[in-house]
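For reference, the structure is listed below as structure tokens.
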Number of protein chains: 2
Amino acid sequence: MAPTDLAGPAPTDSSPAPVSAAPVPAAPLPAAERAYRAVKQAILSGESPGGRLLSEAEVGTQLGLSRTPVHEAFLRLQAEGLLDLLPRRGAVVVPVAPGEARDVLEVRRALETAAVRRLAEAAAAEREALDARLAALLADQRSLAAEQDVAAFAQADAAFHVALLEASGNTVALRLYATLADRQQRMTIGSVGRRPEHLATLVDEHRTLAALVLAGDVDGFDDAVTTHLGRTHAVLLGGAL
Amino acid sequence: MAPTDLAGPAPTDSSPAPVSAAPVPAAPLPAAERAYRAVKQAILSGESPGGRLLSEAEVGTQLGLSRTPVHEAFLRLQAEGLLDLLPRRGAVVVPVAPGEARDVLEVRRALETAAVRRLAEAAAAEREALDARLAALLADQRSLAAEQDVAAFAQADAAFHVALLEASGNTVALRLYATLADRQQRMTIGSVGRRPEHLATLVDEHRTLAALVLAGDVDGFDDAVTTHLGRTHAVLLGGAL
DNA sequence: CTGGTGAGCCTTGCATGCAAGGTCGTACGC
DNA sequence: GCGTACGACCTTGCATGCAAGGCTCACCAG
């Protein structure tokens with residue numbers, strides 16, 4: 001058994017919270033949320049690979065929770081397309097589909113270009129405010145690229161692209177975009193760190209993208225971001241450039 | 001009380017399924033699924049307007065279910081962005097945001113154009129197969145337009161656009177697109193039937209779109225679909241053309 | 001009349017219990 | 001040896017019970 005390893009210590013008693021010595025000062029986080037994050041993390045990190053059969057009781061025991069919050073977590077993950085709930089069988093981790101990388105990249109391109117299109121129609125002041133924000137993010141990326149910290153860079157990269165969506169003000173697009181980030185993380189993890197020497201190239205491309213946004217050049221952005229997304233994927237995943 | 005009217009007869013006993021005289025031969029549908037559909041329908045149809053506070057017990061009573069399946073339904077609807085769950089308060093129906101129509105339309109345009117772009121790169125045979133399918137859908141639409149059955153036409157219209165996404169083979173995009181349809185339905189319902197005399201125009205535009213897809217003219221499609229989506233929204237919603 | 005305080009009611013969070021459904025393994029018949 | 005049927009186990013579906021948290025409203029003091 002023991003398909004995954006979601007919890008640390010196995011709780012022998014059923015007390016709700018084992019006192020918790022977490023440094024987080026905030027509320028102890030509801031059980032359902034803990035279950036959700038734990039299972040999602042296990043899936044995205046590849047710890048629970050595609051095809052794995054998860055059972056509520058099993059996960060619940062490992063996390064020291066009852067089945068109820070785990071069940072709810074499974075439901076949420078099914079809605080996100082990460083889990084497939086089989087009626088009376090269990091929950092299987094949906095395997096990454098063969099062409100999923102291409103699918104995600106295409107949608108990201110479409111959403112980002114749409115965001116830039118809206119920005120191009122907005123007041124120049126709005127674009128300049130965004131540009132200032134992007135400049136700050138670029139500075140971070142430059143140092144991360146210099147340190148060749150691929151994991152941190154991946155996060156900074158995501159922040160850059162999300163900033164575009166946020167600035168566009170299209171909340172519907174932003175929500176959809178967020179689910180894509182999860183999927184991409186899942187595809188990327190496990191091969192992170194493949195090409196740290198190319199991170200600087202990605203930063204350069206980000207600078208170019210920022211300039212195109214500021215200029216309101218939608219077509220130029222569309223071309224550039226298409227290339228960029230493909231390269232990002234290649235660098236982080238270690239595929240062909 | 002009685003904010004919504006989700007159930008028909010009030011079940012006095014707690015038997016799981018009241019024999020059910022439904023003509024559907026399939027399984028009696030799980031309780032959680034029934035709760036989900038009922039609540040979603042109530043939201044999308046506008047029966048439960050934005051801002052309304054729903055309680056699990058209340059809905060459960062109306063549907064003859066316990067709180068558990070209703071709770072699960074609420075969770076799913078929150079994931080879809082239709083419900084906002086307040087920790088110990090209840091669930092409020094998320095109101096349609098002011099710019100939501102524009103947001104949805106932009107994303108639809110982006111996703112559809114992306115689909116056509118991929119189709120344009122695919123084999124011509126694939127486009128021809130799609131074209132045949134679209135032609136069949138167009139025939140349906142023509143008769144529905146003639147009958148000025150706006151509700152049925154709205155469904156046929158959705159089917160046309162979904163067919164494009166399906167044919168592209170981008171399952172990620174297709175999933176995202178499906179959630180958009182829900183939102184658009186919610187914006188549309190309540191004003192359906194405003195401009196039945198313009199349905200023929202929409203059919204014509206669909207024919208044009210189909211031709212552009214067949215020809216692989218991505219830019220032409222992008223332009224045409226942008227106009228078309230705006231007009232569709234206007235016709236079904238009764239706004240300015 | 002106004003401000004504050006307390007209790008009660010309402011809500012959900014979560015654990016548990018029971019029952020139904022499915023799968024797999026085994027034993028039996030051929 | 002092979003096919004089939006039966007049984008036990010494992011899974012989820014859902015109802016229920018208990019407890020915690022928040023809001024509202026009434027009551028009281030000033």
Side-chain angles (χ1 to χ4, degrees), chain A residues 1-4 7 11-18 20 26-39 48 51-79 83-93, chain B residues 1-4 7 10-20 26-39 48 51-79 83-93:
Chain A
M1 280 286 177
T4 58
T12 39
D13 63 0
S14 60
S15 57
S20 148
L29 218 57
E33 185 65 25
R34 271 192 294 156
Y36 170 75
R37 296 195 188 182
V39 177
S48 296
R52 167 98 76 199
L53 194 65
L54 266 43
S55 99
E56 298 174 359
E58 182 188 317
V59 174
T61 302
Q62 291 179 2
L63 262 53
L65 307 168
S66 86
R67 279 177 38 223
T68 307
V70 178
H71 184 65
E72 296 176 359
F74 279 19
L75 250 28
R76 287 175 66 181
L77 291 165
Q78 181 185 42
L83 230 44
D84 191 15
L85 265 43
L86 278 45
R88 298 265 183 185
R89 304 269 319 277
V92 319
V93 178
Chain B
M1 278 288 176
T4 57
T12 39
D13 64 358
S14 61
S15 58
V19 192
S20 147
L29 217 56
E33 185 66 25
R34 272 193 294 156
Y36 170 74
R37 296 196 189 182
V39 177
S48 296
R52 167 97 77 200
L53 194 66
L54 266 42
S55 98
E56 297 174 358
E58 182 188 317
V59 174
T61 302
Q62 291 179 2
L63 262 53
L65 307 168
S66 84
R67 280 175 38 220
T68 307
V70 178
H71 184 66
E72 295 177 359
F74 279 18
L75 250 29
R76 286 175 67 181
L77 291 165
Q78 181 184 40
L83 230 44
D84 191 15
L85 266 42
L86 276 47
R88 297 262 184 188
R89 304 268 320 276
V92 321
V93 178

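Numbers restart at 1 for each chain; the letters A, B, ... are given by sequence-line order, proteins then strands. Everything numeric here is computed off the predicted structure, so don't read it as measured data.
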Expressed in angstrom and rounded to an integer, what is the separation of A:Arg67 atom CZ from D:dT12 atom P? 7 Å

CG on A:Leu75 to OH on A:Tyr36, rounded to 0.5 Å: 12.0 Å

Whole angstrom value for the distance that separates P of D:dT12 from CG of A:Leu83: 11 Å

A:Glu56 side-chain proximity, nearest of C:dT12, D:dC14, D:dG13: D:dG13

Mark yes or no for a side-chain to base donor-acceptor pair under 3.5 Å between B:Arg88 and C:dT11, with no hydrogen or angle criteria applied. no

Report the nucleotide, chosen from C:dT12, D:dA15, C:dC14, that has the shortest atom-to-atom distance to any side-chain atom of B:Ser66. D:dA15

Any B:His71 side-chain N or O less than 4.0 Å from OP1/OP2 of C:dG13: yes

Any heavy-atom pair between the side chains of B:Val92 and B:Leu83 that's under 4.5 Å? no

Would you mind reading off the distance between A:Glu72 atom CD and D:dC14 atom C1', rounded to a whole angstrom? 13 Å

Interatomic distance, A:Arg34 CZ vs C:dC14 P [rounded to whole Å]: 8 Å

Atom pair CD/CD of A:Glu72 and A:Glu56 - distance to nearest 0.5 Å: 10.0 Å

So, is B:Ser55 near the phosphate of C:dT11, with a side-chain N or O under 4.0 Å from OP1 or OP2? yes

Check the distance between D:dT11's C1' and A:Phe74's CZ and give it to me in whole angstrom. 12 Å

Determine the contact category for A:Thr68: base if any of its heavy atoms lies under 4.0 Å from a base atom, sugar-phosphate if only primed atoms, P, OP1 or OP2 are that close, otherwise nothing. base

Whole-Å distance, B:Leu85 CG to C:dT12 P, equals 8 Å

Closest non-hydrogen atoms of B:Ala35 and B:Leu63, given as atom of the first, atom of the second and distance, are CA-CD2, 3.6 Å

Indicate, with a heavy-atom threshold strictly under 4.0 Å, whether B:Ala32 touches base, sugar-phosphate, or nothing. sugar-phosphate

Spacing between B:Asp84 atom CG and C:dT11 atom P, to the nearest angstrom: 17 Å

Is B:Arg37 paired with B:Glu33 through a side-chain N to carboxylate O contact shorter than 4.0 Å? yes

Taking for each residue the nucleotide of DNA chain C bearing the nearest heavy atom, is the 5' side occupied by A:Arg89 or by A:Glu33? A:Glu33

Whole-Å distance between D:dG22 P and B:Leu53 CG? 16 Å

